[in-house]
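Encoded as structure tokens, the structure appears first; notes follow it.
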Amino acid sequence: MTDTRIAHTRIHKEPQPLLSHSWDPKFYVTALLCSRNISHVREVHAQVVVNGMLQNLTVANKLLYMYAQRRVLGDAYALFGGMGERDSVTWSVMVGGFVNVGDFTNGFATFRELIRSGVTPDIYTLPFVIRICRDMQDLKMGRLVHDIVLKHGLLADKFACAALVDMYAKCKVVDDARQLFDKMQNRDLVTWTVMIGAFAECRNADESLVLFDWMIEEGVVPDKVAMVTIVNACAKLGAMYRASLVRYYICRNKFSLDVILGTAMIDMYAKCGCIDSAREIFDRMQVKNVITWSAMIAAYGYHGHGRKAIDIFHMMLNSGVSPNVITFVSLLYACSHSGLIEEGLRFFSLMWDEFAVRADVKHYTCMVDLLGRAGRLDEALELVESMAVEKDERLWGALLGACRIHGNIDLAEKAVNSLLELQPDNAGHYVLLSNIYARAGRWKDVAKMRDMMSQRRLKKVPGLTWIEVDNKTYEFSTGDRTHPRSEKIYAMLESLGKKLELAGYVPDTNFVLHDVDEEVKLGMLYSHSEKLAIAFGLIATADGTPIRITKNLRVCGDCHTFSKFVSAITQRVIIVRDVNRFHHFREGTCSCGDYW
């Protein structure tokens, strides 16, 4: 930091006093406002010193502001340190200057100095300090600043309150953000957008959509940023009906389909299971950047259309757009989920050789997944052990997933040991290894895994499935009988079971990972949440309409087979979005080609 005793850093040699208006502060303020660059600011600074006007607080503050605005923080802090008098504007400019260049340490140190000096922080300084807490995700410090806001009676100020809502939202303390939001008398568009986005980020997209409706009722007109936020919420929810309403609103209000909004809509339709609508939006866009192309490649990857993803990649190259890190993640993912082994290996090699894109852990994760799914586990392990980048939980998770598919217990144990070093309290790792043991009939090892979870007080994430019917979303869990139409749902399952058996369906009780009798396993198998949701879809929607369901975990192998048979005997299209990808069941086949 510049020596605070030197108030005239880099002042020109022997500056001459101004011949007129040297006594008028407005003259210097005007001169500063007209400054075209930092050299001009320093020239005015020199004249201010020569003419003894640095003691004028208005002039000094404006000079400080010009240095901070131009991000010359060394000069700004030198001036700040030499000021005999400071007011709230002085502190606000200095704190804001540090925050705007990302120097949060000095920003917060300056704020602490303000508090110690006895100056009351104002509505201009506090939002900067709250932003520090937000960007550093320092919830503890954020709550302390919240207390200062309350102490000085500034919570009624919409800027301070909006900043606190934003801070709590980014720290993922959504309930606290919502409490503040509900108490605000005047909510501007930015605050609404922050709150909507916060619920979407914290996997409560339903509440995001409720807030959007409320915002419209309040007469707040959304801008493009708000529309992108609500489009992203629809993508997370996967609700096709709401996606259609949002698109209607966008068209009715004539929002231009620019790169940001258009790309968000591609992602929304892809994650709502409508890949054709995603492609329609893509084709309509006049301008596409690398993110747009990557989004379309990823969309095809989600839906198992690896060849189409590759076609889009070549179209992108022909259009003159160069691929980036994200593009290759999307492309390798598409190859992995379509069984395009050699193509994936070739693109992985081309990344650096032809496009100078250095592979990171995400690319290696895709390659481990690609090789592992194909049963090339030795090559996958060799790649993991030879990679120079730091390994993360997703990489080891991909290897563990491959072990589950191919029943490689030794390698699964190695992967889990590495995962537990990174995430010792993640119940999913214990559950997946337990399932691998169960498939192999190693029930003592299953019991050992469950004991370890019990000792750590970890609980398995329950399997849940959602289905949207008549603009309302219904949730099902395994063995669920809470739905008002449960009797009809189970009756439909019983009826389907008889028809499916005649069609050749044989329930695979290997997917019931409990040491119980076969008859009990059959009962457990038929009450999986996916099957309950599909049965409800059959009785609650018109013949011929697609059934769309969303699963929070990977769809089980028996439910996958079940869905193929149901699509054949009912002539319904069934679209399943699980934690990894989409499955489109039509006339007895799945879009994944049983490669998943």
Side-chain angles (χ1 to χ4, degrees), residues 203 329 332-333 335-337 339 341 344-345 348 358-464 478 510-516 551-557 578-581 595-596:
R203 300 183 180 182
V329 170
L332 294 175
Y333 177 95
C335 291
S336 171
H337 283 74
I341 315 301
L345 290 167
F348 186 68
R358 193 177 299 278
D360 63 22
V361 68
K362 292 181 181 177
H363 302 104
Y364 280 103
T365 299
C366 289
M367 293 307 296
V368 168
D369 189 56
L370 178 134
L371 292 169
R373 286 176 186 274
R376 294 161 67 167
L377 293 172
D378 290 340
E379 292 176 68
L381 179 60
E382 183 181 346
L383 184 65
V384 170
E385 292 178 337
S386 66
M387 59 189 279
V389 300
E390 186 176 353
K391 305 169 183 63
D392 67 6
E393 66 279 1
R394 292 188 179 182
L395 179 95
W396 288 111
L399 187 60
L400 180 59
C403 294
R404 177 195 52 77
I405 294 170
H406 299 288
N408 190 321
I409 294 176
D410 292 339
L411 189 52
E413 290 173 337
K414 177 181 176 65
V416 165
N417 287 334
S418 297
L419 281 166
L420 294 181
E421 288 180 11
L422 295 168
Q423 295 180 318
D425 294 327
N426 187 322
H429 306 327
Y430 297 90
V431 170
L432 194 47
L433 182 56
S434 174
N435 290 349
I436 293 171
Y437 285 144
R439 290 290 299 274
R442 291 172 54 169
W443 299 109
K444 288 183 179 180
D445 289 318
V446 171
K448 182 181 175 182
M449 285 291 102
R450 289 175 180 168
D451 286 343
M452 290 174 65
M453 289 180 65
S454 179
Q455 289 169 12
R456 287 185 171 272
R457 297 182 179 178
L458 303 177
K459 292 185 178 180
K460 177 183 176 181
V461 176
L464 300 173
T478 299
N510 287 321
F511 288 98
V512 179
L513 304 174
H514 297 274
D515 189 12
V516 293
K551 177 77 185 286
N552 68 329
L553 304 174
R554 183 181 186 273
V555 64
C556 92
D578 72 8
V579 70
N580 292 323
R581 60 173 298 155
Y595 189 87
W596 57 289

Inter-residue atom distance [X].[atom1] - [Y].[atom2], 0.5 Å rounding:
X      : Y      : atom1 : atom2 : result
Ile409 : Arg439 : CD1   : CZ    : 11.0 Å
Arg450 : Lys460 : CZ    : NZ    : 7.5 Å
Leu395 : Cys366 : CG    : SG    : 10.0 Å
Leu419 : Leu433 : CG    : CG    : 10.0 Å
Lys459 : Ser454 : NZ    : OG    : 10.5 Å
Asp378 : Leu411 : CG    : CG    : 8.0 Å

Side chains of [X] and [Y] in contact at under 4.5 Å (non-hydrogen atoms):
X      : Y      : value
Arg373 : Asp369 : yes
His406 : Leu377 : yes
Val384 : Tyr364 : no
Leu370 : Ile341 : yes
Arg404 : Leu432 : yes
Val461 : Val431 : no
Arg456 : Tyr430 : yes

On a heavy-atom basis, which atom in [X] and which in [Y] lie closest, and how many Å separate them?
X      : Y      : result
Leu381 : Lys414 : CD1-CE, 3.7 Å
Glu390 : Val361 : O-CG2, 3.5 Å
Ala412 : Cys403 : N-SG, 3.5 Å
Asp360 : Val389 : C-CG2, 4.2 Å
Glu393 : Leu422 : N-CD1, 3.6 Å
Asn552 : Pro462 : ND2-O, 2.9 Å

Donor on one side chain, acceptor on other, His363 and Arg358, under 3.5 Å: no

Which of Glu413, Lys448, Lys444 passes side chain to side chain donor-acceptor pair (under 3.5 Å) with Tyr437? It is Glu413

For the [atom1] atom on [X], are there more than 12 heavy atoms of other groups (residues, nucleotides or ligands in this structure) within a distance under 6.0 Å?
X      : atom1 : answer
Asp425 : CG    : yes
Lys391 : NZ    : yes
Arg442 : CZ    : yes

- prompt: Can you tell me if Arg394 uses its side chain to pair, donor with acceptor, with the backbone of Thr365 under 3.5 Å?
  reply: no

